Amino acid sequence: MAVSLVFDGLLALLILTLAWRAVTDRLQFRAVVSFVALGLVLAVTWFRLSAPDLALAEAAVGSGLTGALLLAALRRWSDRDADSGGSSTRSEP
Amino acid sequence: MNPAPATLFLLVGAAIFAIGLAGVFRDAGALRRIIAVNVMGSGVFLFLVAVADRSGGRPDPVPHAMVLTGIVVAVCATAVALTLADAVRGRGDQDPDGGGR
Amino acid sequence: MSGRRSAWILATAAFGLVAWAVLSLPTPAPGLTDRAFAALDDSGVTNPVTAVLLNYRSTDTLLELGVLLLAVVSVWGLRPSTGASFGRPPGPLLEGLLRILVPLLVLFGGYLLWIGAFAPGGAFQGGALVGGAIVLAVLGGLSPSRFGDRPALLRAGLAAGLAVFSCIGLSVMIAGGWFLDYPGRSAKVLILIIEAAATVSIGLTLGCLFIGGRPTTDGGPEPES
Amino acid sequence: MTGDRLLVLVPIVPLLAAVAAFAVPRWSRRIALWSMALTATIVVWIADEILRVGDLTHPLAGWSAPLGIDLRVDGLAVVMLLAVAGVGLIVSFNAASSFHETGSRGVPERVYWPLWLFLFSALNAIFVAGDVFTLYVAFEINGLAAVSLVAIAGKPEALGAALRYLFVSLTGSLLYLMGVAVLYADTGVLDLMLLADRITPGPPAIAACVLMTGGLMMKAALFPLHFWLPPAHSSAPAPVSAVLSALVVKGGFVILLRLWFGPFAEIVDGPAVQWIGALGAAAVLWGSFQALFQDRLKLVVAYSTVAQLGYLFLIVPIAWSAETRSAALAGGITLLLSHATAKAAFFLAAGNVLTAIGNDRAESLCGLSRWLPVSAFAMGLAAVSLVGLPPSAGFVGKWMLIVAAMEQRQWWWVAVMLIGTVLAAAYVVRILGPAFLMPESDPQPGPVPRLMEWTAFSLAAASVVLGLAASGVARFVNGSLPSGVGP
């Protein structure tokens with residue numbers, strides 16, 4: 001009982017930290033990695049909340065494929081930045 | 001059976017939903033906003049899974065189905081958003097991922 | 001930055017609102033668990049989530065397949081052709097590994113589809129694995145254009161899930177029921193057919209979404225009329 | 001087949017057509033036009049049946065709510081379906097003619113039609129779905145298709161506007177979905193009617209109400225969440241602008257009405273009702289005021305949409321009391337129909353101007369009535385309805401709302417509507433005055449296909465003639481919103 005409570009608490013903390021970093025990290029790459037990790041931790045949590053099929057789907061699609069999409073985009077954009085000489089820092093209006 | 005973990009994760013779901021919401025409304029670049037929208041979505045999904053777990057014993061399959069649908073919708077939206085951000089970038093009219101790196 | 005601060009104020013308010021709601025949710029929790037399990041005998045499957053997805057609330061799933069196809073249409077429209085190839089050509093070791101891993105993933109996807117009727121799994125997990133296999137093949141250096149060698153076939157595969165799903169739905173309606181109202185004992189078979197088609201479409205869609213642009217072999221540039 | 005069975009075809013026919021148009025790109029235009037016509041026929045059939053037997057329900061997959069999903073059509077829904085079918089069909093012909101005669105202009109037709117059909121399928125689904133989660137999926141399809149259609153021509157300003165529209169749409173959807181999740185945790189059902197029965201005022205219901213209202217207000221572009229609308233609606237291809245302004249934003253609005261007057265009635269009751277009206281009033285004034293200062297025709301029309309959506313939200317305080325509910329609702333929906341047709345006509349006519357001279361700057365419109373007479377008159381007629389001059393539907397709708405507001409002694413809404421009318425007259429005259437009175441400035445207009453001109457004109461004519469149909473609208477929508485709530 002106590003063990004599972006500690007485990008839940010740890011999961012909750014991990015989820016919060018990763019979500020926070022995915023949104024606020026100054027480095028885009030680290031933000032993406034945090035997001036992927038968030039997806040995996042969520043999958044573990046859902047396993048624990050008796051939703052194994054959702055855990056599978058989240059790990060494969062929510063975390064895996066979305067992460068792959070984000071990383072691919074990040075690479076495309078940083079490639080082009082490198083071509084045009086460094087990244088721009090102008091923010092969207 | 002034991003409502004404690006369900007309530008905990010309901011709150012955590014609400015919290016990361018809110019974190020994502022802040023990320024969308026902060027003036028940041030496209031990639032960050034796309035991540036933020038996904039974090040928001042993850043918050044709702046976690047909330048729903050916890051709702052399903054509240055029913056005790058066997059989990060409620062209806063929120064589970066909703067989450068499964070939601071995950072697929074989210075990945076589709078992400079793909080469209082990234083492609084669109086790509087197009088905006090390609091035209092050089094507007095920088096979709098400002099914000100530091 | 002004031003935009004940043006107001007965003008966090010908004011977020012705190014949203015969290016407070018939902019947390020306030022969470023703390024006064026009724027117990028015991030209301031829900032559809034009992035109804036969903038009670039109706040399981042008539043649903044044609046024994047996995048309750050599959051029953052919800054493909055029987056009780058099948059129309060949501062149909063619309064969800066619509067979202068998938070829509071995403072492909074949109075991505076192809078916004079980025080008309082595939083860019084340069086992903087990854088480098090694989091070395092012999094990697095290629096050998098991929099040659100084993102990719103079919104294995106597809107096979108496991110089919111397995112998940114099959115067990116979805118009575119155990120955790122189903123069309124989405126199966127389709128996700130097929131999609132994962134495609135992504136892996138592309139990342140490993142298999143040319144994306146080979147993936148689109150047969151554009152008409154690819155389009156048919158992408159459309160199959162939605163087409164089969166809604167045609168079965170309409171057929172059972174013409175036969176006298178409601179939309180997607182599987183008659184009598186046929187639910188099990190019809191659900192399996194729909195899931196098989198959906199698995200193919202979902203896998204291809206996820207693969208296409210990852211690759212991005214429309215395959216260059218697909219009809220070439222838009223003919224000007 | 002009976003109407004309740006046919007109900008499901010209203011979203012499914014365009015959906016299947018989208019699949020077919022995707023699978024066989026060569027026939028996409030033909031598939032689109034025929035399926036739109038077929039859907040319109042089915043909708044007319046259903047409308048007729050509703051008048052004879054009353055509301056229709058289709059329990060999807062044979063399971064009724066709560067376990068299954070019910071599709072439901074009442075008078076309000078059928079009026080919206082008729083508007084979608086009618087305006088949608090005419091605008092489709094305009095788009096087809098544009099592709100046929102003037103080429104694709106950077107818009108790939110094989111992509112255009114599937115997206116178009118997805119948009120209409122989802123829009124129809126929004127009006128018939130009785131389930132809050134099905135609504136979420138429908139809103140997502142609707143939003144993604146709309147965003148893609150804005151971006152499709154690849155113009156830089158359109159791409160930026162589309163990206164912003166996408167973020168608004170996704171955020172709105174997720175706010176809404178969180179509301180749905182809270183509602184389900186609170187009540188255990190997703191069906192709108194069952195929700196209305198089971199919900200009890202309390203923190204969960206309030207939270208759900210706030211989240212869903214916020215999300216849908218983003219989609220319905222209610223002031224102050226309208227900021228994304230003018231750039232998106234003004235930079236899209238003309239037929240897309242037409243359906244976005246005329247129809248798509250109304251999806252969010254109608255669902256808001258259903259929620260406020262249904263499950264959330266007890267929560268909204270009180271000062272919130274007046275606040276909703278105040279937002280509507282702010283939208284009327286702000287949108288009209290902004291429209292006065294725009295230099296591009298399409299931007300004027302887009303800001304006018306912000307203002308016209310404001311009028312619709314004035315329905316809420318005026319219709320809240322049961323005595324004036326049917327009158328105010330009938331007036332509001334008549335106004336909605338007049339805006340749907342007039343705005344579609346205006347955007348199509350603006351598109352014709354673009355086709356003819358390549359830009360839509362205000363100073364280029366001089367002498368329009370000589371070099372593009374049909375489109376100029378289409379704009380003139382649409383303007384009559386937008387301003388609300390008799391005998392247009394815009395006039396009849398506003399009049400009914402004003403009478404109902406006077407009956408409730410809520411004279412401040414009357415003042416807002418009158419000021420809005422004056423402002424509308426001002427921006428319309430400012431932009432159209434030169435078109436009719438000044439000598440031509442650009443004497444070399446390119447050819448515009450006749451079908452493109454006449455589709456705009458027929459919609460404009462409809463917006464005037466619909467004023468005569470107001471009693472029919474009243475007959476349909478009478479009793480569409482539950483009348484057992486409110487003060």
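Chain identifiers are assigned alphabetically (A, B, ...) following the order of the sequence lines, protein sequences preceding nucleic acid strands; residue numbering begins at 1 within each chain. Remember, it's a predicted structure, so these values are computed and weren't measured experimentally.
Interface check for chain D: of the options Val72(C), Leu23(C), Leu162(C), Thr33(C), the most heavy-atom pairs under 4.5 Å are formed by Leu162(C). By number of non-hydrogen pairs under 4.5 angstrom with chain D, the leading residue of Val172(C), Val22(C), Leu25(C), Val18(C) is Leu25(C). With respect to chain C, the highest number of heavy-atom pairs below 4.5 Å among Pro204(D), Gly214(D), Ser148(D) belongs to Pro204(D). Between chain C and the residues Leu71(D), Thr134(D), Val189(D), the largest count of heavy-atom pairs under 4.5 Å involves Thr134(D).
Heavy atoms of Val8(D) lying under 4.5 Å from chain C belong exclusively to its side chain. Heavy atoms closer than 4.5 Å to chain D are found in the side chain of Ser58(C), but not in its backbone. Using a 4.5 Å cut-off between heavy atoms, Leu190(D) contacts chain C through its side chain alone, with no backbone atom that close. With a 4.5 Å cut-off on non-hydrogen atoms, Ala36(C) touches chain D through its backbone and its side chain both. Residue Thr187(D) touches chain C through its backbone alone, counting heavy-atom pairs closer than 4.5 Å. Proximity to chain D (any heavy atom under 4.5 Å) is shown, for Ala159(C), by both the backbone and the side chain. In this structure, the portions of Ala39(C) lying under 4.5 Å from any heavy atom of chain D include both its backbone and its side chain.
Between Leu62(C) and Ile12(D), some side-chain heavy-atom pair lies under the 4.5 Å cut-off. Put simply, the side chain of Val24(D) does not reach to within 4.5 Å of the side chain of Arg155(C), judged on heavy atoms. Contact check for Leu69(C) versus Phe22(D): side-chain heavy atoms found under the 4.5 Å cut-off. Within the 4.5 Å cutoff, no side-chain heavy atoms of Pro30(C) are placed close to those of Asp186(D). Leu9(D) is listed as a side-chain neighbour of Leu170(C), based on a closest heavy-atom distance under 4.5 Å.
Closest non-hydrogen pair, Val137(D) versus Leu63(C), comes out as CG1-CB, 3.6 Å. Contact record, Leu144(D) with Leu70(C): CB-CD2, 3.8 Å, taken as the closest heavy-atom pair. Smallest separation of non-hydrogen atoms from Val182(D) and Ala21(C): CG1-CB, 4.1 Å. Contact record, Gly62(D) with Trp178(C): CA-CD1, 3.7 Å, taken as the closest heavy-atom pair. Nearest approach of Asn55(C) to Ala61(D), heavy atoms of both residues: O-CB, 3.3 Å. Closest approach of Leu67(D) and Arg35(C) over heavy atoms only: CD2-O, 3.8 Å.
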Inset, instruction - With side-chain contact (heavy atoms from CB on, under 4.5 Å) as the test, would you mind laying out the steps for Phe118(D) and Val67(C) before giving the verdict? - result: CA-CA 9 Å; Phe118(D) 272 119; Val67(C) 179; over 6 Å; no
Inset, instruction - Step by step, work out the side-chain contact (heavy atoms from CB on, under 4.5 Å) result for Ile69(D) and Tyr56(C). - result: CA-CA 8 Å; Ile69(D) 301 167; Tyr56(C) 313 148; over 6 Å; no
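Taking OG1 of Thr59(C) as the start and CG of Asp131(D) as the end, the distance is 9.5 Å to the nearest 0.5 Å. Between the CH2 atom in Trp63(D) and the OG atom in Ser43(C) there is a gap of 6.5 Å [rounded to 0.5 Å]. Once rounded to the nearest 0.5 Å, the distance linking CG of Leu180(C) with CG of Leu60(D) reads 7.5 Å.
In the displayed structure, Trp114(C) atom CH2 is contacted under 6.0 Å by at most 12 heavy atoms of other residues, nucleotides or ligands.
In this structure, Arg5(D) is not positioned above the aromatic face of Phe179(C) in the sense of NZ or CZ being under 6.0 Å from the six-membered ring centre and within 45° of the axis.
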